[in-house]
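Remember, predicted model here, so these are calculated numbers, not experimental data. Naming: A, B, ... by sequence-line order, numbering from 1 per chain.
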Protein chains: 2
Amino acid sequence: MPSISEDHYLKSIYHLTSRKKRKPVFTNELAQALGLRPASVTGMLQRLAAQRLLHYRPYQGVQLTPKGRLRALAVIRKHRLWEYFLVEKLKFRWHEVHAVADLLEHVDSDLLIHRLDAYLGYPKLDPHGDPIPDENGHVPATGFLLLSSLRPPAQAIITGVTEQHPAFLHHLERLNLHRGTRLQVRQISEYDGSMDLLIDPSQPLTISRQTADQILVNSL
Amino acid sequence: MPSISEDHYLKSIYHLTSRKKRKPVFTNELAQALGLRPASVTGMLQRLAAQRLLHYRPYQGVQLTPKGRLRALAVIRKHRLWEYFLVEKLKFRWHEVHAVADLLEHVDSDLLIHRLDAYLGYPKLDPHGDPIPDENGHVPATGFLLLSSLRPPAQAIITGVTEQHPAFLHHLERLNLHRGTRLQVRQISEYDGSMDLLIDPSQPLTISRQTADQILVNSL
DNA sequence: AAAAAAAGTTAGGTATACCTAAAAAGAAAA
DNA sequence: TTTTCTTTTTAGGTATACCTAACTTTTTTT
Ligand SMILES: [Mn+2]
Ligand SMILES: [Mn+2]
Ligand SMILES: [Mn+2]
Ligand SMILES: [Mn+2]
């Protein structure tokens, strides 16, 4: 019953809500995130509110209801399970998965998702290190840190990223930074915050503050 | 660019055309096959004709153009590859696959289908014994016979079915008839055409003419 | 506290894809 | 060859999901 458009609105509201602590999500930021015009967003928000998927007060933004949140998490679960499948089974690269998972996430079959989950061995994290919600909408906690928060001579393992754009993921591949890559922080520039790292086979590497801000790690 | 509705029309016209030798497909049979009203079908046929996907002459039925035929075969290819995936990897049963493949067949990504095909080992037949068209729209010939065309004491192996309804596939499962089942025709009733068979571990079984008409075999 | 700017909503329009009811065309029967 | 029946099309309507342009509400600046 939920349409592709509805899926995208709910998912987008969920992500915007969690990325910033602030409660309501505003029409314009949603329009921005979805690549639509604000007038279109207003119309859809009113219809989603009529379905009790979110609370809508004119001019005051929206918040998901528990029902809306569960719908959003169901879509996110499907998205991340498919991403895992694409990388682990079909040998997709990090930057190729997102666009395809964005199509597969709308396939509506509980049986399919259940069998897929079993086939994949009930993974807890997607290829970007994002947690995969379970069928009840529970999101496992990860406790990952931003690489940019470490200080020399911290050692860590890359566990994920906070940014999905193909250009960024491509950038990481060129730098030879992947999930599972072990690294040590050697030095941080006082001037621009860039980090000197030593990765896997004692190879030195310098990355920008901007890049370090998007990388998640497990500290060792 | 092709919508789910367009996919279904093209696929349905293709199947109706090949199942009967007759050239054009008529509005009412399409409406019947798609579960829609004739008036709706007329409207869509006119729009597909405007896209040069089929030839439409009012009151005279339609025929796919080469372009329309390729579109139909691309959808059928996706459908059958997904069916193969569902059965071989996700352990779906014969009767469960069709509904789910009918959703997955609309996911529009050449990269995905290409990688899926490779992952599955470039299968030539789907779980119902139907040939999987290649990326150029070539449909491999199978040369299977109808079980009902055999005469005692012919021996054969079940290779597929010509009917996809879950009720029929369920019926076959209850009879213990699967793809790969070896059988011998013992006797055919003069009265109602029912067939006495001997299957795998010399187990006798009688099936109706109607059932035998929907089973494809390779004669030994 | 006005005025100006920004944010959000309403009004009216488009395309897709369905529907019912009425009209028209073609095929079959009288 | 008319009449009747069946098939198909047209006409007009609905819901979804977008759009632009005009208007209203809220926020910020003067
Ligand atoms: Mn999507
Ligand atoms: Mn992801
Ligand atoms: Mn389908
Ligand atoms: Mn099949």
| request: Please state how far atom CD in A/Gln60 lies from atom C1' in C/dA7, giving the value in whole angstrom units. | output: 11 Å
| said: Given A/Arg77, which partner from the list A/Asp117, A/Asp130, A/Asp134 fulfils the salt bridge (charged side-chain N to carboxylate O under 4.0 Å, His left out) test? | reply: A/Asp117
| task | Could you tell me whether B/Glu96 and A/Arg115 have a side-chain N and a carboxylate O separated by less than 4.0 Å? | result | yes
| query | Closer to the 5' end of DNA chain D via nearest nucleotide, is it A/Ser3 or A/Pro58? | reply | A/Ser3
| said: Below 30° counts as parallel, above 60° as perpendicular, anything between as tilted: where do the rings of B/His106 and B/His8 land? | reply: perpendicular
| field | Nearest atoms (heavy-atom pairs only) where B/Ile215 meets B/Ile207 | value | CD1-CD1, 4.5 Å
| Is there side-chain contact between B/Ile158 and B/His178, with heavy atoms separated by less than 4.5 Å? | no
| note | A/Leu86 and A/Val97 have their tightest heavy-atom pair at CD1-O, 3.8 Å
| field | Ring centroid separation A/His170 to A/His165 under 6.0 Å | value | no
| task | Please state how far atom CZ in A/Arg57 lies from atom C1' in C/dG8, giving the value in whole angstrom units. | result | 14 Å
| remark: Min and max contacting nt of DNA chain D in 5' to 3' order, chain A heavy atoms within under 4.0 angstrom, are D/dT16 to D/dT26
| query | Tell me: CG of A/Leu30 to C1' of C/dA7, nearest whole Å? | reply | 14 Å
| task | Grab the two heavy atoms, one from B/Arg69 and one from B/Tyr14, that are nearest each other, plus how far apart they are. | result | NE-CE1, 4.0 Å
| query | Which of residues 31-42 of chain A have a heavy atom under 4.0 Å from DNA chain C? | reply | A/Pro38, A/Ala39, A/Thr42
